[in-house]
Novice: 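Can you keep this structure in mind? I'll have questions shortly.
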Protein chains: 2
Amino acid sequence: MNLILLFPQDFSNSSQVLLADPRRVEHITRIHKAVAGDSLKVGLANGDVGRGVITQISAGQVSMRVELDTPPPEASNIRVILGLPRPPMLKRSLQNLAALGVKDIVLLQSARVEKSYWQSPQLTAAKIQHELVLGLEQSCDTQLPQVRFAKRFRPFMEDELNTYAGTDDKLIAHPYSQTSCPYNQKDPLVLAIGPEGGFLDKELDSFCDRGFVGVTLGSRILRVETALPYLLGRLGAT
Amino acid sequence: MNLILLFPQDFSNSSQVLLADPRRVEHITRIHKAVAGDSLKVGLANGDVGRGVITQISAGQVSMRVELDTPPPEASNIRVILGLPRPPMLKRSLQNLAALGVKDIVLLQSARVEKSYWQSPQLTAAKIQHELVLGLEQSCDTQLPQVRFAKRFRPFMEDELNTYAGTDDKLIAHPYSQTSCPYNQKDPLVLAIGPEGGFLDKELDSFCDRGFVGVTLGSRILRVETALPYLLGRLGAT
């Protein structure tokens, strides 16, 4: 937690903050070992970054006087369509995507996604937001990514993808492509990444029919949680 | 486990393999759901990749007839000096580094590394090899990375680093550098990455005195396990 993310409900007026949830309070008291008078990096969700000076710590509560004066880091130019990973991998992937500045994430059903994954408690709005907040707090960002579900592959491809991707560049990571993944892409880009085991050939074709270019990282098969930062680093996400 | 990594002691002759350890046997029987006659991707540690045809499965043992005919993927041109991460992060970092083809890793003491980390059971040779094997099995590689410990910062810097790094390019990841991390570096490269909290300024200076150039990824602070694949993707590690 390199930044403490604040929400409107934490504010009693424009500069006074009272934190009473164990996660942030314990982090401030146990990890930062902060005391009254200390100044911590804070940010308002979807707002500016600044400093919070601790005015009081008592019985599970932290009061701060907050000044927010700096915009958060620039958002990534990359949006990500991700074959729904299994729940533990989803957690780390959401944290990584949020930390790396991706602001738009589609979780997609595909043939190699186990249908049961969609029933995971990890997909509740609260759990998803929790992972995103962890990623933002790590990288000192405040802008919460939007996460949407595409629970049916074909309707998403046929009815939504063209509108969604628009005129952005479109890449799909695919180990068996002949085209090497490019570096340092400055233009808006939609990046599709398959689930464990990859997309089926016909799913890949369906993306390519809609303007996506298959790109490979070489012969190595990477886990999604490794492939995501690797690809975003290569493409110059942030 | 996209490849089953074999060791010389698994071979009863040049092509006959008997696996009796629960980890690989259970993976073959429960995850692959393999039966006699099935062919699986295998590789010999530090050797070639090929196929293993299952000749028998019984009571916790798998017999295979193995043919190894393909070299493993090319090694990365990047060696990594890593401020020793805390144990769970070390596990994932070693897996990631092995999966991404890095073959030489130095784990370095620095001021912000808690000394107790060096006592972690995670640093035994067996545990380190286990994480490396997981990474290789993921990415279908066979070449085990070398991992060495530099338990004292100054002696390593003063007595070993110049010889170690030689004439390779030298970069040190540092959030407050003015130089943006380059892309797609083809030449041999030594990359230094600090522990959680980063290197001290004087530690950074010590690297720079020895020819390292500080490079930044922007204002985002990333966890080591995210920063590693991100940097290796950007630098074109594999």
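A note on names: the letters A, B, ... follow the listed sequences, proteins ahead of strands, and every chain is numbered from 1.
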Novice: Taking every heavy-atom pair that is under 4.5 Å apart, which of B:L3, B:N184, B:D141 has the most such pairs with chain A?
Specialist: B:N184
Novice: Take atom CD in B:E67; do more than 12 heavy atoms of anything else shown fall under 6.0 Å from it?
Specialist: no
Novice: Would you compute the distance between atom CZ of A:R220 and atom CG of B:L136 and round it to the nearest 0.5 angstrom?
Specialist: 8.0 Å
Novice: Using non-hydrogen atoms and a limit below 4.5 Å, what part of residues 24-45 of chain B faces chain A?
Specialist: none
Novice: Does A:K103, at its NZ atom, have more than 12 non-hydrogen atoms belonging to other residues, nucleotides or ligands within less than 6.0 Å?
Specialist: yes
Novice: Go through it in stages, so that I can follow the logic: the residues are B:E225 and A:N96, the test is side chain to side chain contact (heavy atoms under 4.5 Å, CB included), and I'd like the CA-CA distance, side-chain angles, deciding distance and then a yes or no.
Specialist: CA-CA 10 Å; B:E225 66 201 75; A:N96 280 346; 5.6 Å; no
Novice: Does NZ in A:K170 sit with more than 12 non-hydrogen atoms of other residues, nucleotides or ligands closer than 6.0 Å?
Specialist: yes
Novice: Which distance, rounded to the nearest 0.5 Å, do you find between the OH of A:Y183 and the CG of B:L235?
Specialist: 8.5 Å
Novice: Nearest 0.5 Å please: distance from the CZ atom of B:R92 over to the OG1 atom of A:T226.
Specialist: 10.5 Å
Novice: What's the spacing between A:N2 CG and B:L222 CG if we round to 0.5 Å?
Specialist: 9.5 Å
